Protein chains: 2
Amino acid sequence: MSQPTVSRALRDDPKVSEATKQRVRDAAAALGYSPSAIGRALSVGRSTRVGLVVTDLDNQFYAHVIAPLHHELERLGHELVLITESSDSGPVAEHVVAHGLCGVVLATTTVDSILPARLRDRGVPFVYFNRTAPSVPADSVTVDPEQGVRELLADVIGRGHRRIGAVFGPRNTSTGEQREQVVRAVLDENGIGLAHRDVLHGPFDFRTGHDGMRTLLDRDDPPTLVLCGNDVVALGALNAAKEIGVDVPGDVSIAGFDDLPTSGWALVRLSTVAYDLAEMSREAARLLVGRVGNPGAEPVHAVYPTRYVARDTVGAPRS
Amino acid sequence: MSQPTVSRALRDDPKVSEATKQRVRDAAAALGYSPSAIGRALSVGRSTRVGLVVTDLDNQFYAHVIAPLHHELERLGHELVLITESSDSGPVAEHVVAHGLCGVVLATTTVDSILPARLRDRGVPFVYFNRTAPSVPADSVTVDPEQGVRELLADVIGRGHRRIGAVFGPRNTSTGEQREQVVRAVLDENGIGLAHRDVLHGPFDFRTGHDGMRTLLDRDDPPTLVLCGNDVVALGALNAAKEIGVDVPGDVSIAGFDDLPTSGWALVRLSTVAYDLAEMSREAARLLVGRVGNPGAEPVHAVYPTRYVARDTVGAPRS
DNA sequence: CTGAAAGCGCTTACAG
DNA sequence: CTGAAAGCGCTTACAG
């Protein structure tokens with residue numbers, strides 16, 4: 001039995017007879033043999049490993065993308081390797097090709113990142129996840145904030161809030177920018193403006209929300225409601241309010257974006273904009289694996305709808 | 001310039017002259033060339049990829065081990081790939097060798113798992129993380145619950161609790177067993193027993209704590225304090241109490257184990273047993289990488305101390 | 001349907 | 001200090 005035959009049999013190549021396939025499989029099982037993925041990778045010129053590029057692995061948000069992403073990749077016969085992007089991002093592209101990853105999902109790309117261009121130049125397939133860098137076209141899976149934000153703001157405005165503050169995400173991310181734009185547009189339609197001093201920006205993390213909330217609440221005349229760039233930020237804001245004894249939503253209302261599991265906790269009950277993050281993660285896996293098999297095709301853009309989930313952190317403003 | 005010379009130069013082999021090293025490095029930089037890790041892996045017979053084996057990637061606990069583990073592995077020139085262990089665990093060992101991982105950290109091993117034996121038989125280095133399966137010796141990094149539990153129970157008993165309930169972790173994990181034993185031993189020293197009906201068991205997840213708390217609280221005469229197997233369980237318990245309007249610690253006290261960042265939130269303020277989880281994760285990385293380089297050495301067991309962090313979920317029992 | 005040959009990109013003795 | 005040869009475990013034409 002030659003090596004190529006074994007190889008073909010184990011890959012279920014139709015050119016091998018059923019009889020020998022069976023023999024090979026039996027022998028493999030008996031010997032506990034399974035083909036070396038690395039031998040295969042070297043031979044084929046590409047592995048089945050995909051990288052997830054993030055900046056802060058610590059962030060609760062990513063736990064909720066890693067789990068479904070990993071699961072779907074596994075289903076598709078791929079492995080997940082974690083990559084963190086340092087400020088520079090030069091090394092990342094090289095790292096990816098040096099380690100022979102077959103593709104990567106970009107989950108924390110900034111608008112001005114050079115990583116997408118680097119990957120494109122090196123011919124590494126990738127998909128934008130939750131963010132986009134318009135300069136380099138590629139598959140993407142993102143969220144359309146409009147519907148959810150409209151519903152949220154309808155609730156907010158309906159309850160009488162007029163003095164609205166915000167702790168948005170970073171300015172150099174498509175996600176942060178887009179959410180802010182939609183909020184501004186919808187408020188504008190309702191004749192409500194955001195005072196410059198009531199609008200803060202920062203990374204999508206706990207501290208941003210926490211410190212931002214303190215800043216806003218330290219004022220003599222704080223906003224009656226604070227819109228947060230995402231749930232992790234909102235969680236920071238909520239905790240900051242609690243720390244200084246400010247009642248939510250009695251004294252101030254807070255809203256988030258993402259609807260993480262934590263936001264639904266009885267202890268939290270965050271009013272937020274929801275979408276199907278797990279499904280998005282799976283779609284990213286599918287898109288990427290599809291792309292690897294078909295590099296020439298037009299980029300596809302999967303966009304997920306949002307809806308508002310009213311819980312207990314948005315109430316009427318204190319009159 | 002021959003291939004071996006380039007190879008040696010890039011690895012900083014002392015047998016290559018500084019002059020050629022420099023030339024090679026310059027050329028590599030100019031060409032954007034970096035050596036293929038997969039070529040190297042095939043040649044050397046081992047990669048620099050280590051696997052983290054867990055059951056539920058969703059669990060908040062693992063987010064806090066993945067981040068430092070990844071970081072330390074990166075520092076040591078290794079990659080992190082995620083592996084989930086299905087019930088069976090047969091495929092895992094094969095997967096690991098098929099994909100040429102140089103080692104794995106086992107973070108959810110049960111006492112009766114066959115995975116350690118499988119890995120040992122196939123010569124794959126591994127380290128037990130936070131759990132241990134005594135049948136197969138290997139490096140381990142674990143926690144010694146005793147000090148923390150003593151401090152916790154001193155507080156609990158000092159406040160007057162006598163009717164104590166518990167939602168411990170799974171019986172088939174060393175971690176769950178050990179914590180339960182220490183609790184029982186210390187209570188015993190104080191002449192306090194755990195009523196059989198007040199002791200529940202289950203996986204270390206939110207639902208276990210949540211449902212366990214409901215069960216305990218549904219009774220006519222519930223315990224005045226509930227000890228939880230870990231923080232995620234305690235978080236479930238805390239939320240269950242909140243859901244049914246039971247005040248913590250007014251009506252019932254709750255304690256955890258792990259001191260996750262969430263437990264310190266103003267919204268949570270969980271009294272819990274703390275230890276250095278991030279450092280443990282880094283140590284696991286170091287141990288494993290060290291083991292790969294020196295398979296013959298005696299197993300080393302890193303044990304981390306615990307201490308009690310009193311916050312707001314343990315109070316006096318209602319009299 | 002099966003096998004011999006060549007090659008994927010490295011590294012490791014072995015010469016020189 | 002440098003290079004030619006062989007091999008790591010696969011796959012892919014190419015014959016038969």
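Only a predicted model underlies this, so the values are computations on that prediction, with no experimental measurement involved.
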TODO: State which residues pass side-chain contact (heavy atoms from CB on, under 4.5 Å) with B:R23; sequence neighbours excluded, sorted by chain then number.
DONE: B:M1
- [ ] Please map the stems of DNA chain C, keeping only stretches of three or more Watson-Crick or G-U wobble pairs with both distances under 3.5 angstrom.
- [x] C:1-3 with D:14-16, C:5-12 with D:5-12, C:14-16 with D:1-3
Task: With B:Q60 via side-chain hydrogen bond (donor to acceptor under 3.5 Å, both in side chains) - residues at least two apart - done: B:T262
TODO: Mind running a 4.0 Å heavy-atom check of residues 8-27 of chain B against DNA chain C and sending the residues that fall below it, in number order?
DONE: B:R8, B:R11
- [ ] Not counting sequence neighbours, list each pair that qualifies as a side chain to side chain donor-acceptor pair (under 3.5 Å) and has a residue in residues 288-302 of chain A.
- [x] A:D139-A:R291, A:S140-A:H301
TODO: Under the side-chain contact (heavy atoms from CB on, under 4.5 Å) rule, collect the residues that match up with B:D13, sequence neighbours excluded.
DONE: B:R8, B:K15, B:V16
Open item on the list: So, using salt bridge (charged side-chain N to carboxylate O under 4.0 Å, His left out) as the criterion, who are the partners of A:D231 when residues are at least two apart?
Closed with: none
TODO: Please work out which residues in residues 73-82 of chain A have a non-hydrogen atom less than 4.0 Å from an atom of DNA chain D and list them by number.
DONE: none
- [ ] Would you please name every residue forming a side-chain hydrogen bond (donor to acceptor under 3.5 Å, both in side chains) with B:S17, sequence neighbours left out?
- [x] B:T20
- [ ] Compare the minimum distances between each of C:dC10, D:dT2, C:dT12 and the side chain of B:T5, then state the nucleotide with the smallest one.
- [x] D:dT2
Task: Whole-Å gap separating C1' (C:dA4) and CE (A:M1) - done: 16 Å
- [ ] Using modelled atom types only, decide if a donor and an acceptor are shared between the side chain of A:T175 and the backbone of A:N130 within a distance under 3.5 Å.
- [x] yes
Task: Salt bridge A:E177-A:R131, side-chain N to carboxylate O under 4.0 Å - done: no
Task: Residue pairs, two or more places apart or on separate chains, that pass ring-ring contact (aromatic ring centres under 6.0 Å, His included) and touch residues 102-130 of chain B - done: B:F126-B:Y128
- [ ] Go through D:dG3, C:dC10, D:dT12 for me and flag the one nearest to the B:Y33 side chain.
- [x] C:dC10
- [ ] Taking only heavy atoms on the protein side, list every residue of residues 34-50 of chain A lying under 4.0 Å from any atom of DNA chain C, sorted numerically.
- [x] A:L42, A:S43
Task: NZ/NE/NH1/NH2 to OD/OE distance under 4.0 Å, B:R118 and B:E94 - done: no
Task: Any side-chain heavy-atom pair of B:L260 and B:N230 under 4.5 Å - done: no
Open item on the list: For B:L82, is there any backbone N or O sitting under 3.5 Å from a side-chain donor or acceptor partner on A:H70?
Closed with: yes
Open item on the list: Can you measure B:H99 atom NE2 to D:dG9 atom P for me and round it to whole angstrom units?
Closed with: 16 Å
Task: side chain to side chain donor-acceptor pair (under 3.5 Å) partners of residues 43-58 of chain A, not counting sequence neighbours, each pair once - done: A:D56-A:N59
